[in-house]
Amino acid sequence: LWRTAGDRTAHLTMDGLTLERYAALLPPEWAVDGVARARAEFRIDTTLAVDGLLEADVGAGTLAYPQENGAVRELRITGATLVASIGGGLGAETPDNAQAGGRGLSAHLATALADASGAEVVNLEGEVSLPGFARLDDPLPDQALLGRLHARVTDFSAVEAANPAIASLNGAFSADVAVSGIVRSPEFVGEARFAEGRVALADLGITVEDVAFVARGEGLDGVTLDGS
C-alpha cells in the first residue's frame with residue numbers, strides 16, 4: 001500500500017496458489033486440490049472515493065471426502081470464478097459494473113461441481129450490486145441493492161459426510177431468486193425449491209420420505225413457506 005499524489009493504491013497478484021494448503025480448514029479426512037489465481041487493484045483518492053477490481057478463479061480441481069461405507073467420494077471442481085468491482089473498476093468492463101452504469105460496488109460469483117461420470121451435481125451463480133456505493137464513507141444500510149441467485153444441487157453427499165447425524169440425504173434443490181430494495185431491508189422475488197427428498201437420521205433411526213418445500217419471495221409481501 002502506498003500513496004501517490006494524495007491517492008492510496010494497492011495491488012495484489014497471486015498465481016499458482018494451491019488449494020491443498022487450505023485443507024486444514026476442512027473436516028478431518030477431507031481433501032481438496034486445484035490451483036487458484038487472483039489479481040486485485042484498488043485506488044482510494046483524498047475524498048475516499050474508491051476505484052478497483054478483483055478477479056479470482058480456480059481451474060479444474062477435486063474435492064474428496066469419506067463416506068459412511070468407507071468409500072471416498074470425489075467431486076470435480078469444473079470451475080469457480082469471482083469478479084468484483086467498485087467505482088469504474090479501473091476501466092474494466094464486467095457484466096455487473098456495466099449494469100450499474102460503470103459505478104457502484106458489484107460482484108459476480110459462479111462455481112460448479114461434477115461427479116465422476118461428468119454429470120453436473122452443483123451449480124451456483126450469484127451477483128449483487130450496490131449501484132450508489134463508491135465512497136468508503138457512504139452509509140451502507142441505506143444503499144440500494146440489486147442481486148440474483150441461481151442454484152441447482154442434486155448431490156448432498158458432502159452434507160452427509162460433514163454431519164454424522166444425517167445417514168443419507170437425497171433430493172433436488174433449485175433456486176432462482178432476485179433481490180432488490182435496500183441493504184437493511186431487502187426484498188426477494190422468486191423461489192427456492194427442494195423436491196423428492198429423503199432424509200435418514202442416524203441418531204434417531206428414522207427415515208422421512210417425500211420431503212418437499214418451497215420458499216417464495218413476494219417482494220414487499222415477504223417470504224412464504226410451503227412444505228410437506
Side-chain angles (χ1 to χ4, degrees), residues 18-36 56-82 107-128 147-179 186 188-218 222-228:
T18 58
L19 299 184
E20 289 94 329
R21 68 178 63 192
Y22 299 105
L25 301 176
L26 298 174
E29 300 183 53
W30 286 47
V32 62
D33 69 58
V35 177
D57 70 85
V58 176
T62 59
L63 175 66
Y65 44 88
Q67 296 185 287
E68 188 177 11
N69 61 7
V72 176
R73 174 73 164 167
E74 187 173 285
L75 297 180
R76 293 193 294 111
I77 303 170
T78 58
T81 60
L82 170 64
H108 181 274
L109 172 68
T111 187
L113 301 175
D115 63 16
S117 72
E120 189 174 81
V121 296
V122 175
N123 185 292
L124 302 174
E125 183 174 4
E127 58 192 33
V128 64
R148 192 163 197 96
L149 171 67
H150 300 276
R152 186 176 65 256
V153 182
T154 57
D155 186 314
F156 298 90
S157 58
V159 178
E160 299 170 8
N163 190 341
I166 300 177
S168 67
L169 175 60
N170 303 100
F173 173 80
S174 62
D176 188 356
V177 180
V179 60
F188 300 94
V189 175
E191 71 173 35
R193 178 183 296 269
F194 181 74
E196 301 176 356
R198 180 182 182 277
V199 183
L201 303 177
D203 293 343
L204 299 178
I206 62 174
T207 299
V208 183
E209 306 272 2
D210 299 322
V211 179
F213 77 82
V214 179
R216 292 188 178 89
E218 300 175 352
V223 177
T224 61
L225 299 175
D226 184 14
S228 60

Considering non-hydrogen atoms only, spot the tightest contact between [X] and [Y] and give its length.
| X | Y | result |
| --- | --- | --- |
| W30 | P66 | CD1-CD, 3.8 Å |
| G217 | V223 | CA-CG2, 4.3 Å |
| V179 | F188 | CG2-CE2, 3.8 Å |
| Y65 | A158 | OH-N, 3.5 Å |

* Asked: Where do L63 and L26 land on the side chain to side chain contact (heavy atoms under 4.5 Å, CB included) test, with the steps shown first?
  -> CA-CA 10 Å; L63 175 66; L26 298 174; 4.3 Å; yes
* Asked: Does CD belonging to E209 count more than 12 external heavy atoms closer than 6.0 Å?
  ->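 Above 12, so yes.
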* CD/E20: more than 12 non-hydrogen atoms of other groups inside 6.0 Å ->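 Correct, the count exceeds 12.
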* Asked: Is it true that a side-chain atom of T111 and a backbone atom of G79 form a donor plus acceptor pair closer than 3.5 Å?
  ->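 Checking the backbone N and O of G79 against the side chain of T111, a donor-acceptor pair under 3.5 Å is found.
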* Just by modelled atom types, is the L169 backbone N or O under 3.5 Å from a matching donor or acceptor in the E160 side chain? ->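 Yes; at least one donor-acceptor contact below 3.5 Å.
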* To do: Test E125 against every option in H150, R152, H108 by the side chain to side chain donor-acceptor pair (under 3.5 Å) rule and name the one that passes.
  =>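 That would be H108; it is the only one of H150, R152, H108 passing the side chain to side chain donor-acceptor pair (under 3.5 Å) with E125.
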To the nearest 0.5 angstrom, please state how far the [atom1] atom of [X] sits from the [atom2] atom of [Y].
| X | Y | atom1 | atom2 | result |
| --- | --- | --- | --- | --- |
| S117 | R76 | OG | CZ | 8.5 Å |
| L113 | D155 | CG | CG | 9.0 Å |
| D115 | R73 | CG | CZ | 5.5 Å |
| R216 | D226 | CZ | CG | 6.0 Å |
| T81 | L109 | OG1 | CG | 6.5 Å |
| E74 | D33 | CD | CG | 7.5 Å |

* To do: Start with the C-alpha gap between T207 and R198, add the side-chain angles, then the distance that decides, and say whether side chain to side chain contact (heavy atoms under 4.5 Å, CB included) holds.
  => CA-CA 7 Å; T207 299; R198 180 182 182 277; 3.7 Å; yes
* Take T62 and L75 through the test side chain to side chain contact (heavy atoms under 4.5 Å, CB included) and record every step on the way to the result. => CA-CA 6 Å; T62 59; L75 297 180; over 6 Å; no
* With R148 as reference, evaluate V189, V177, D176 under the side-chain contact (heavy atoms from CB on, under 4.5 Å) test and give the passing residue. =>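 With R148 as partner, V189, V177, D176 yield a single side-chain contact (heavy atoms from CB on, under 4.5 Å), made by D176.
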* To do: Could you tell me how the ring of F173 sits relative to the ring of F213: parallel (under 30°), tilted (30 to 60°) or perpendicular (over 60°)?
  =>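 If you compare the ring of F173 with that of F213, the planes turn out tilted.
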* Asked: So, R193 and E191, do they make that salt bridge, N to O below 4.0 Å?
  ->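 A salt bridge links R193 with E191.
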* **Full working for side chain to side chain contact (heavy atoms under 4.5 Å, CB included) between V32 and Y22** => CA-CA 8 Å; V32 62; Y22 299 105; 5.5 Å; no
